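We number each residue from 1, following the sequence as shown. Counting convention: from 1, in listed order, for ligands and their atoms alike. As the structure is a computational prediction, the values presented were derived from the model and not from experiment.
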Amino acid sequence: MEQELKKLREETDKRIEKIKDSAALNKLYLNLFGASGSFTKLLKTLKTLPAEKRPAVGKLANEIKKQIEDKFSRQRSIIEKVKIDEWLDVTAPGLPPQIGHLHIVTQAISEISRIFERVGFTRVRYPEVEYEWYAFESLNMPANHPARDDFETFFLDTPSIPKMGQLVLSPHTSSGQVREMKRLKKPPIRMINIAKCYRPNWDISHTPMFHQFEGLVVDTGINITHLKGTMDYFAREFFGKDRKTRLRPFHFQFTEPSFEVDISCGVCLGKGKLTDGNNCRFCKDGWLELGGSGMVHPNVLKMGNIDPVKYSGFAFGWGVERTYMMKSGTKLDDIRLLYSNDIRFLEQF
Ligand code: PHE
């Protein structure tokens, strides 16, 4: 095979020297190195050699390929009437390396953390692999409670242990509420818990892994006006100063009363209609749905060893992806794009 390689190089050298136009040069290149080119074919016979000879011959093949390629580029510059030595302009700016940036979800997480940290919230994280007790029981959802179905859950194949239950992938950041109460032992609590959550859904508006940010405030004298004020503060800081929120009655097991938080639409400014009289297509009647919230249920405070007579609190938990998309006005036809790592998509943010 060594002989054949050397022969191929000599023959090719001669042929290259005779070529006078770049099209022919390209054609010859393909005839050698294309999928069924003569060099490629020769290289394929490498595996028929005895194992101990392969490394040396492989190395030779590489060298010869490099020599042939050099010959090609020299001939190419002769054709183009440029001498290699003259062509090299050392002062020419180099090609700038591609510079990456943080993923949009990471950007959103730091922005959200900063907004809440400015008003005294502490960023925490709690386990993604969680006991059923923290994910449900501690939140007023005993085993077999139908509300658990709303938080469809991935179960780990582990034995169930007394009181704590089985291990699950945490389906919401609310699993951190009682953990935070236990960590601090005593109010005041101002937690912002941002973490990955998991639910077995996979379609254009759901990924099995997504992020939520959960706020929890517990102290003396906390009431709904604090909840509403915090929501408005967030809406102004995150979405812009003319945005407002509204609370719509809802139901969660772990808050009472419970609300869905809506934010006024940034396109029609809460009117539901555009200036030309047509209905706004971005929202429903001027409002967009942010996520759940409510006043912490007394049973949940008790689970965290906090006296519900002395203390009260509010909580909210929203999807990071959804909230961020609402801000940028990006209408993603398929939310799964966020996690498909397609650089053409990601570099836009
Ligand atoms: N955990 C709820 C969900 O995932 C949201 C929520 C958080 C509601 C806190 C009320 C209070 O939908």
Worksheet entry | Shortest heavy-atom approach to atom 4 (O) of ligand 1 - which of Met295, Arg199, Glu214, Gln177 | Arg199
Discussion item. Are more than 12 heavy atoms, taken from residues, nucleotides or ligands other than Gln3, located less than 6.0 Å from that residue's CD atom?
Written reply: no
Item to complete: Run the numbers for me: atoms of ligand 1, each under 4.0 Å from some heavy atom of Phe254, listed by number.
Response: 1 (N), 2 (C), 6 (C), 7 (C), 8 (C), 9 (C), 10 (C), 11 (C)
Worksheet entry | Arg199 to Phe154 six-membered ring, cation-pi geometry met (6.0 Å, 45°) | no
Worksheet entry | Identity and separation of the nearest protein heavy atom to atom 1 (N) of ligand 1 | Ser174 OG, 2.8 Å
Worksheet item: Should Met303 and Val178 be marked as a side chain to side chain contact (heavy atoms under 4.5 Å, CB included) after you check the CA-CA gap, both sets of side-chain angles, and the distance that decides it?
Response: CA-CA 7 Å; Met303 290 292 188; Val178 170; 4.1 Å; yes
Worksheet item: If you measure from the Lys or Arg side-chain nitrogens to the Asp or Glu carboxylate oxygens, is any gap between Glu180 and Arg183 under 4.0 Å?
Response: yes
Worksheet item: Looking at Gln212, which atoms of ligand 1 are within less than 4.0 Å of one of its heavy atoms?
Response: 3 (C), 4 (O)
Worksheet item: Quick check: does Ser293 get an N/O under 3.5 Å from an N/O on ligand 1?
Response: no
Worksheet item: Taking only heavy atoms of Phe151, which atoms of ligand 1 are found under 4.0 Å from at least one of them?
Response: 1 (N), 2 (C), 3 (C), 4 (O), 12 (O)
Worksheet item: Taking only heavy atoms of Gly317, which atoms of ligand 1 are found under 4.0 Å from at least one of them?
Response: 5 (C), 6 (C), 7 (C), 9 (C)
Practice prompt. Using only heavy-atom distances, determine whether the side chains of Thr225 and Asn223 contain a donor-acceptor pair under 3.5 Å.
Written response: yes
Worksheet entry | Region of Phe316 engaging ligand 1 - heavy atom pairs below 4.0 Å | backbone
Worksheet entry | Cation-pi geometry met for Lys65 and Phe33 (6.0 Å, 45°) | yes
